[in-house]
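The next block holds one structure in the form of structure tokens; read it before the comments.
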Amino acid sequence: MPELPEVETVRRGLAPAMEGARIAKVEVRDRRLRWPIVKGFEKRLEGKTVDGLGRRAKYILADLSSGDVLVMHLGMSGSFRVGKDAKPGVYYHETSKSTAHDHVVFHMSNGSTVTFNDPRRFGSMKLVPRAKLDKEPLLASLGPEPLGNEFDAAMLARACQGKKTSLKAALSDQRVVAGLGNIYVCEALYRARLSPKRQASTIADRNGNPNARAGALVEAIKAVLNDAIKAGGSSLRDHRQADGSLGDFQHHFSVYDREGKPCPDCKGKIKRIVQGGRSTFYCPSCQT
DNA sequence: CTGTGTTCCTGTTCGC
DNA sequence: TGCGAACAGGAACACA
């Protein structure tokens with residue numbers, strides 16, 4: 001659920017509380033995330049300063065004064081909340097009276113409390129020495145950042161060259177382009193007027209050079225991500241921003257979760273199909 | 001190597 | 001109203 005725009009929104013929400021601040025204490029209330037939080041995790045963080053908060057694909061990266069980087073992923077249901085001077089073990093933020101699923105709490109020296117909540121526990125936290133970050137398996141095979149200058153039609157076409165799989169599957173593959181998930185793949189394909197069922201290789205010629213479809217797709221991806229970040233991300237279900245407010249990009253969805261509703265363009269019915277076990281929403285008449 | 005299917009998990013929604 | 005089934009989805013992993 002949290003895709004690139006949501007993760008970027010979360011990063012921006014955490015920055016005021018964490019950047020330049022020292023981690024005074026770490027409480028791990030449940031170590032069972034996607035991978036167990038390792039023994040010694042807390043001690044390796046306590047007393048260290050967060051020099052900067054960055055993002056790569058759907059990962060948030062906290063640069064620490066110790067030379068470690070804290071690599072965090074929200075999984076599908078992960079969220080952060082920022083509070084002030086919370087009482088340990090009582091409650092951790094004003095926006096919730098419950099500590100259910102509050103798995104990790106960072107008490108910052110500036111009085112802020114940063115709480116990681118994740119009901120489904122698909123999220124993860126891992127400490128990696130900065131010098132080894134480029135070798136980190138979680139990050140090493142990620143494709144280009146879609147909002148970076150280096151991501152263009154030529155690069156996307158090359159990544160899709162010879163691919164027999166669908167455009168939906170290709171864009172969902174983090175090795176092709178990093179940070180898209182089910183929602184923004186659907187929305188980008190709609191904006192580019194390309195069918196999710198189209199073979200991925202058809203955005204390139206036989207030499208891997210981009211055609212007009214590749215150009216349209218790159219522009220659509222960048223536009224939809226920028227629009228979503230501007231709106232503070234989407235908040236399907238209960239996904240909140242770090243300050244507790246709700247993003248509102250879901251009100252701008254053209255096709256996602258709109259089965260049977262009219263296409264904004266041709267007014268035909270939006271269709272839902274299943275690809276790779278996941279729902280795909282698209283307009284069969286506009287998207288070819 | 002490539003492409004596809006399975007699995008982890010729990011809150012929400014839906015049909016009876 | 002209550003209850004079980006279906007569904008949601010990021011990404012590692014297994015497998016053909």
Side-chain angles (χ1 to χ4, degrees), chain A residues 1-11 29-37 55-61 71-80 96-104 116-126 128 136-143 145-146 158-189 196-202 204 208 225 228 233-240 246-247 249-250 253 255-260 272-281:
Chain A
M1 208 101 41
E3 304 180 25
L4 190 153
E6 288 74 38
V7 176
E8 177 60 22
T9 300
V10 168
R11 187 196 69 77
R29 306 177 71 241
D30 192 337
R31 313 192 84 84
R32 299 171 302 163
L33 297 186
R34 169 123 206 208
W35 302 286
I37 292 182
R55 179 189 57 75
R56 173 76 172 102
K58 301 172 194 170
Y59 292 91
I60 292 173
L61 308 175
V71 179
M72 299 178 278
H73 197 291
L74 299 173
M76 296 194 295
S77 58
S79 64
F80 281 99
S96 170
K97 297 264 192 298
S98 161
T99 59
H101 311 300
D102 285 351
H103 304 318
V104 182
F116 178 69
N117 181 287
D118 186 5
R120 276 168 269 187
R121 289 190 279 113
F122 279 19
S124 60
M125 289 198 188
K126 184 176 182 180
V128 180
E136 168 54 41
L138 294 175
L139 308 175
S141 55
L142 289 174
E145 280 292 318
R158 218 174 307 126
C160 290
Q161 182 183 6
K163 273 207 176 297
K164 299 286 187 204
T165 193
S166 66
L167 269 181
K168 168 76 187 300
L171 294 184
S172 304
D173 187 338
Q174 302 299 297
R175 295 168 300 186
V176 171
V177 53
L180 301 181
N182 207 34
I183 293 172
Y184 295 106
V185 168
C186 291
E187 293 297 313
L189 285 168
K197 296 193 283 190
R198 168 180 286 279
Q199 189 169 301
S201 63
T202 62
L225 294 179
S234 53
S235 40
L236 276 190
R237 311 241 145 48
D238 61 349
H239 193 269
R240 277 169 182 275
L246 293 161
F249 191 73
Q250 69 274 19
F253 290 161
V255 289
Y256 185 81
D257 208 17
R258 289 175 46 81
E259 182 183 15
R272 184 182 82 96
I273 60 174
V274 174
Q275 292 177 294
R278 296 286 184 260
S279 289
T280 298
F281 300 88

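Side-chain atoms are counted along with the backbone in the values below, which use heavy atoms only and exclude waters and symmetry mates. Labels below follow one simple rule: chain letters A, B, ... track the order of the sequence lines, proteins then strands, and each chain is numbered from 1.
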Remember a base hit wins even if backbone is also touched, and classify A/Ser279 as base, sugar-phosphate or nothing at under 4.0 Å, heavy atoms.
-> sugar-phosphate
What are the two closest non-hydrogen atoms of A/Leu180 and A/Gln174, and how far apart are they?
-> O-NE2, 2.9 Å
Closest to the A/Phe122 side chain, choosing from B/dC8, C/dA11, C/dA12 | B/dC8
Does C/dA11 have OP1 or OP2 sitting under 4.0 Å from an N or O in the side chain of A/His73?
-> yes
Between A/Leu4 and A/Glu145, is any pair of side-chain heavy atoms under 4.5 Å apart?
-> yes
Would you say A/His101 reaches B/dC9's phosphate, i.e. side-chain N/O to OP1/OP2 under 4.0 Å?
-> no
When you check the gap from the basic side-chain N to the acidic O, do A/Lys58 and A/Glu3 get nearer than 4.0 Å?
-> no
Donor-acceptor pair (no angle test) under 3.5 Å: A/Arg278 side chain, C/dG10 base = yes
For A/Gly162 and A/Arg121, take the nucleotide of DNA chain B holding the closest heavy atom to each; which residue's nucleotide lies nearer the 5' end?
-> A/Gly162
When the distance from CG of A/Leu171 to P of B/dG3 is rounded to whole Å, what number comes out?
-> 14 Å
Look at the side-chain N and O atoms of A/Arg272 and state whether any lies under 4.0 Å from the OP1 or OP2 oxygen of C/dA8.
-> yes
Counting just side-chain N and O atoms, does A/Lys163 come under 4.0 Å of either OP1 or OP2 of B/dG3?
-> yes
For the helix from B/dT2-C/dA16 to B/dC16-C/dG2, what is the angle between the axes at its two ends, each from 5 pairs, rounded to 10°?
-> 50°
Aromatic plane relationship, A/Phe253 with A/Tyr184 - under 30° parallel, 30 to 60° tilted, over 60° perpendicular = perpendicular
So which nucleotide from B/dT4, B/dG11, C/dA12 ends up closest to the side chain of A/Thr165?
-> B/dT4
In terms of side-chain heavy atoms of A/Leu138, which of B/dG11, C/dA12, C/dG10 is nearest?
-> C/dA12
